[in-house]
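Letters A, B, ... mirror the listed sequences (proteins, then strands); counts begin at 1. Because the structure is predicted, anything quoted here is derived from the model rather than measured.
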Amino acid sequence: MNHSRSLSRAFFDRPTLLVAEQLLGMRLVRIENGQRLSGFIIETEAYIGEEDQGCHARAGLTPRTKVMYGPPGHAYVYFTYGMHWLLNFVTEREGFPAAVLIRAVELDEGEEIVALRRNGQPRAQWTNGPAKLCQAFNIDGTWNGYDLCQPNALLYVESQSDGSPFLALSVTTTPRVGLYSVQEPWRSIAWRFVGSPLSALGKKHRAVPET
DNA sequence: AGCACGATTAACT
DNA sequence: GTTAATCGTGCTC
């Protein structure tokens with residue numbers, strides 16, 4: 001594609017906080033039966049290392065966390081609450097467990113299919129949650145370990161051809177969602193990145209989005 | 001082998 | 001704002 005390019009492994013092979021922030025405005029792409037489904041990433045969270053008590057890797061190397069210990073640029077997809085799949089991207093060097101959770105995207109391509117999958121829901125709620133976007137893009141555990149940086153990948157992230165994001169966003173950081181039982185400082189550390197359209201600046205400002 | 005728990009969502013009141 | 005749905009994971013026995 002002329003106006004875009006796939007993010008390289010080097011992009012993910014960097015400090016997780018940097019990756020989490022710079023993923024905002026990039027385009028998540030899923031090729032399904034030859035058709036493109038995509039959305040602009042607008043919300044992420046960082047999970048970094050065994051010390052991070054909010055990170056699954058706090059349990060060390062297990063069958064579940066194995067992918068996070070692997071090379072960067074792979075998908076870490078896991079199941080939670082008995083019914084939801086969540087999509088993460090592995091970051092940092094091989095051997096160091098870290099990942100970025102994709103919490104929300106703004107749908108770009110694949111409206112018909114997503115409308116079908118999220119039937120009954122208004123458009124604004126199609127992909128505004130980590131499990132919702134997995135449902136919308138039909139991403140489940142079979143994608144765990146998938147290499148986003150391989151040639152002709154069916155799941156990957158795009159930037160513009162010059163490497164910049166598609167959307168110019170103002171970035172707000174807040175504590176990560178749903179870590180109520182996690183000890184401090186991990187519970188409150190501001191490792192959640194929320195992108196808001198620059199055009200919305202000066203209008204409504206939400207200091208801390210509801211958790 | 002058994003069990004408590006959860007990086008959530010939708011459908012309630 | 002509250003709660004049920006639902007099952008893989010990791011920890012304990």
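E45(A) has its side chain within reach of Y47(A): a pair of non-hydrogen atoms, C-beta onward, lies under 4.5 Å apart. F137(A) has its side chain out of reach of I113(A): every pair of non-hydrogen atoms, C-beta onward, lies at least 4.5 Å apart. Counting heavy atoms from C-beta on, the side chains of R5(A) and S161(A) never come closer than 4.5 Å.
When atom types are taken as modelled, the side chain of T173(A) and the backbone of F193(A) share no donor-acceptor pair closer than 3.5 angstrom. Looking only at distances, a side-chain donor or acceptor of T44(A) sits under 3.5 Å from a matching main-chain atom of A20(A). In this structure, the side chain of R118(A) does not engage the main chain of A136(A) through any donor-acceptor pair within 3.5 Å.
Taking CD of Q53(A) as the start and CZ of R187(A) as the end, the distance is 13.5 Å to the nearest 0.5 Å.
Ring pair F40(A)/F166(A) is tilted by interplanar angle, where 30° to 60° counts as tilted. Taking the six-membered ring where the residue is Trp, F12(A) and F89(A) present perpendicular rings, their angle passing 60° and hence far from 30°.
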Listed pairs, N/O of protein and of nucleotides 1-6 of chain B, under 3.5 Å:
from, atom 1, to, atom 2, distance (Å)
dG6(B), OP1, S181(A), OG, 2.8

Identify each atom pair where a protein N or O and an N or O of nucleotides 10-13 of chain B are less than 3.5 Å apart, giving names and distance.
from, atom 1, to, atom 2, distance (Å)
dA10(B), OP1, R118(A), NH1, 3.1
dA10(B), OP1, R118(A), NH2, 2.8
dA10(B), OP2, K132(A), NZ, 3.4

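Near-neighbour residues of DNA chain B inside residues 92-103 of chain A, defined by a heavy atom below 4.0 Å, number-ordered: L101(A), R103(A).
Following rounding to the nearest Å, F193(A) (CZ) and dA7(B) (C1') show an atom-to-atom distance of 15 Å. One atom, CZ of R176(A), and another, C1' of dT8(B), lie 17 Å apart when rounded to the nearest Å.
When DNA chain C is scanned in the 5' to 3' direction for atoms under 4.0 Å from non-hydrogen atoms of chain A, the outermost contacting nucleotides are dA5(C) to dC11(C).
Hydrophobic clustering keeps V194(A) apart from L87(A) (ILVMFWY residues linked when any side-chain heavy atoms are closer than 4.5 Å, directly or through intermediates).
Scanning all heavy atoms of the two residues, the minimum distance from S164(A) to S159(A) falls at O-CB, 3.6 Å.
Among the duplex regions that DNA chain C forms, those built from at least three successive Watson-Crick or G-U pairs under 3.5 Å are B:1-6 with C:7-12, B:8-12 with C:1-5, ordered by first number.
The environment of D162(A) atom CG is dense: over 12 non-hydrogen atoms of other residues, nucleotides or ligands sit within 6.0 angstrom. Heavy-atom contacts from other residues, nucleotides or ligands closer than 6.0 Å to CD of E51(A) number 12 or fewer.
For L18(A), the side chain to side chain contact (heavy atoms under 4.5 Å, CB included) partners are R14(A), P15(A), Q22(A), not counting sequence neighbours.
Taking a cutoff of 4.0 Å between a charged side-chain nitrogen and a carboxylate oxygen, R36(A) and E109(A) qualify as a salt bridge.
Looking at heavy-atom distances under 4.0 Å, G54(A) makes contact with a base.
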